[in-house]
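Position 1 is the first residue of the sequence; numbering continues from there.
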Amino acid sequence: MVFHDILLLPMLTSQKTNLNLKFDGANLQEGTIDVFDLANTIIAFGHTVEKIADNESITRNNKIKVEVSALKPGSFDIGMIITVEQIQELATQAAPLLLVLGAVSNKAELILKIFKKVIELKKFLQGKPPKEVVIQQNGNNNVAVVYNFKGDHTEITMPVYNALQDKRIGEGIKKLTEPLKKEGGNVDEIIINGPEAEESEEVIIKKDEVEYFERVEELQTVKSYKVKGVVTAFDRKTFNGKLSINEQKRVAFEIDPRIPEIEMLNQIVERIIESLKLKINIIIEGEAVLDFESNLKKIIAQSVSMEAKLLE
């Protein structure tokens with residue numbers, strides 16, 4: 001049997017999803033819309049989609065395209081297409097077959113889903129910071145439970161939570177809603193849906209909801225958060241210190257002054273000092289402060305545990 005050399009060529013695969021951006025308003029029946037409102041909203045949508053793709057590392061080996069497919073006469077229901085073009089190198093004959101048979105998710109649909117969920121979450125929060133965010137850890141499938149100022153809560157995936165915290169995405173959505181706040185403008189609603197989506201799947205931004213999208217940057221407090229690292233500094237008088245998460249990143253921590261039991265407080269201090277002296281990992285759990293990109297800025301330690309040893 002003779003084996004021939006296999007020519008390795010790049011294979012271009014595309015994943016697409018369609019949606020409609022629709023402008024609605026009583027005065028739009030006249031068939032005219034401000035050209036800048038139309039253009040700026042489409043551009044803002046395109047930029048926001050790109051930022052979401054970047055946030056999820058989809059742009060690392062992919063090209064993102066956002067195109068207008070149709071502008072229907074007599075309406076401002078704009079058909080759009082999000083395309084993710086991926087170049088994959090064929091290293092072996094088996095690789096293409098695995099790609100075809102494997103369950104590969106549609107990245108374009110993922111981007112659109114995150115976009116719509118961020119808008120829904122901003123409407124849920126009504127322009128106010130979350131009252132509480134609880135991260136429920138479950139391996140690689142962590143979720144965030146977000147409570148609004150009324151005490152109502154909703155559960156979201158971490159990609160949606162991370163997108164909510166990204167300033168660039170917030171700015172893009174804010175820009176997209178500008179036709180709704182224009183004085184004397186004739187746009188009352190912006191509707192985002194798929195071309196064949198059910199009415200229940202539509203995401204609608206109304207004129208009186210514009211203020212919900214003004215907030216683009218703020219620190220977030222997460223009530224239950226865990227972080228692992230080595231203590232590199234600790235002040236026994238103030239109970240403040242620094243935790244090294246990796247070679248490039250250190251975060252501030254402090255022991256929660258509300259801990260009532262002196263035994264628990266002493267145990268926390270002992271474990272922190274042990275980590276400082278022996279350069280061993282500890283796990284701090286408590287209330288965390290994160291920036292708009294979900295970077296940990298500070299954690300208030302309510303419990304400290306030692307990292308489990310492999311031989312135990």
Side-chain angles (χ1 to χ4, degrees), residues 14-25 28 32-59 62-72 75-85 106-125 127 156 159-182 185-197 199 201-207 209-217 292:
S14 294
Q15 297 176 341
K16 297 186 179 184
T17 190
N18 294 55
L19 70 143
N20 289 3
L21 275 179
K22 183 178 180 181
F23 298 84
D24 202 0
L28 287 181
T32 61
I33 189 172
D34 186 282
V35 66
F36 294 105
D37 288 345
L38 180 64
N40 289 339
T41 299
I42 293 174
I43 292 170
F45 174 78
H47 285 164
T48 305
V49 162
E50 288 179 345
K51 298 307 180 187
I52 292 174
D54 185 50
N55 218 33
E56 292 302 304
S57 300
I58 294 174
T59 54
N62 301 280
K63 180 181 178 182
I64 309 298
K65 293 197 302 183
V66 183
E67 302 169 294
V68 175
S69 64
L71 181 57
K72 299 177 183 178
S75 75
F76 291 99
D77 189 348
I78 306 164
M80 302 191 73
I81 304 171
I82 301 173
T83 304
V84 177
E85 292 183 346
N106 188 323
K107 295 182 177 68
E109 290 183 0
L110 173 65
I111 293 168
L112 180 58
K113 183 177 180 179
I114 292 172
F115 174 79
K116 293 169 70 174
K117 287 293 184 181
V118 170
I119 290 177
E120 290 175 353
L121 190 58
K122 282 181 173 286
K123 292 177 62 169
F124 172 76
L125 293 171
I156 58 173
V160 175
Y161 178 70
N162 293 334
L164 178 72
Q165 302 286 5
D166 192 304
K167 182 181 179 181
R168 303 166 303 170
I169 295 172
E171 289 283 5
I173 294 176
K174 178 182 176 182
K175 185 77 174 176
L176 183 146
T177 64
E178 286 188 354
L180 294 170
K181 59 186 177 184
K182 184 176 180 181
N186 54 2
V187 178
D188 297 328
E189 294 179 347
I190 297 175
I191 304 168
I192 302 103
N193 60 21
E196 299 178 359
E199 187 174 334
E201 297 176 351
E202 292 182 341
V203 175
I204 303 174
I205 307 174
K206 299 179 181 293
K207 185 181 286 287
E209 295 173 332
V210 159
E211 63 185 50
Y212 301 166
F213 302 90
E214 291 296 310
R215 186 184 297 271
V216 297
E217 180 179 342
F292 55 85

Rounding to 0.5 Å, atoms CD1 (Ile169) and CG (Asn55) come to a distance of 4.5 Å
Q: Identify whether the distance between the nearest side-chain nitrogen and carboxylate oxygen of Lys123 and Glu120 falls below 4.0 Å.
A: no
Just wondering, are more than 12 heavy atoms of other shown residues or ligands nearer than 6.0 Å to NZ in Lys63? no
Item to check | Lys175 with Glu178: basic N within carboxylate O range, under 4.0 Å | outcome: yes
dist Gln15:CD -> Ile82:CD1 (nearest 0.5 Å) comes out at 12.0 Å
Under the side chain to side chain contact (heavy atoms under 4.5 Å, CB included) criterion, do Ile119 and Phe213 qualify, and how do the steps go? CA-CA 8 Å; Ile119 290 177; Phe213 302 90; 4.0 Å; yes
Distance col, row Lys22:NZ vs Glu189:CD, nearest 0.5 angstrom, shows 9.0 Å
### Query
Quick check: does any side chain N or O of Asn106 sit under 3.5 Å from a backbone N or O of Lys16, one acting as donor and the other as acceptor?
yes
CD1 of Ile114 to OG1 of Thr48, rounded to nearest 0.5 Å, is 13.0 Å
Here the pair of heavy atoms bringing Leu21 nearest to Ile192 is CD2-CG1, 3.5 Å
- Output yes when Lys182 and Asp37 qualify as a salt bridge under the 4.0 Å nitrogen-oxygen rule, no when they do not. yes
>> For a side chain to side chain contact (heavy atoms under 4.5 Å, CB included) check, start with the C-alpha distance between Ile173 and Phe115, then their side-chain angles and the critical distance, and finish with the verdict.
In response: CA-CA 9 Å; Ile173 294 176; Phe115 174 79; 4.2 Å; yes
Correct closest heavy-atom pair for Thr59 and Asp54 would be OG1-OD1, 3.2 Å
Output for pair (Leu19 CG, Phe45 CZ), nearest 0.5 Å, gives 4.5 Å
Rounded to the nearest 0.5 angstrom, the CD1-CD1 distance for Ile42 and Ile78 is 4.0 Å
Tightest non-hydrogen contact, residues Glu209 and Ile204, listed as OE1-O, 3.5 Å
Under the 3.5 angstrom rule, does the side chain of Thr177 hit a backbone N or O of Lys174 as a donor-acceptor pair? yes
- Message: Please determine whether side chain to side chain contact (heavy atoms under 4.5 Å, CB included) holds for the pair Ile64 and Val84, giving the CA-CA distance in whole Å, both sets of side-chain angles, and the decisive distance to 0.1 Å.
- Response: CA-CA 5 Å; Ile64 309 298; Val84 177; 3.7 Å; yes
On a heavy-atom basis, the closest approach of Val118 and Ala163 is CG2-CB, 3.7 Å
Closest heavy-atom pair, Glu67 versus Thr83, reported as atoms and distance to 0.1 Å, is OE1-OG1, 4.1 Å
Smallest heavy-atom separation, Ala44 atom then Gly172 atom, equals CB-O, 3.6 Å
query = Between Ser69 (side chain) and Gly79 (backbone), is there a donor-acceptor pair under 3.5 Å?
reply = yes
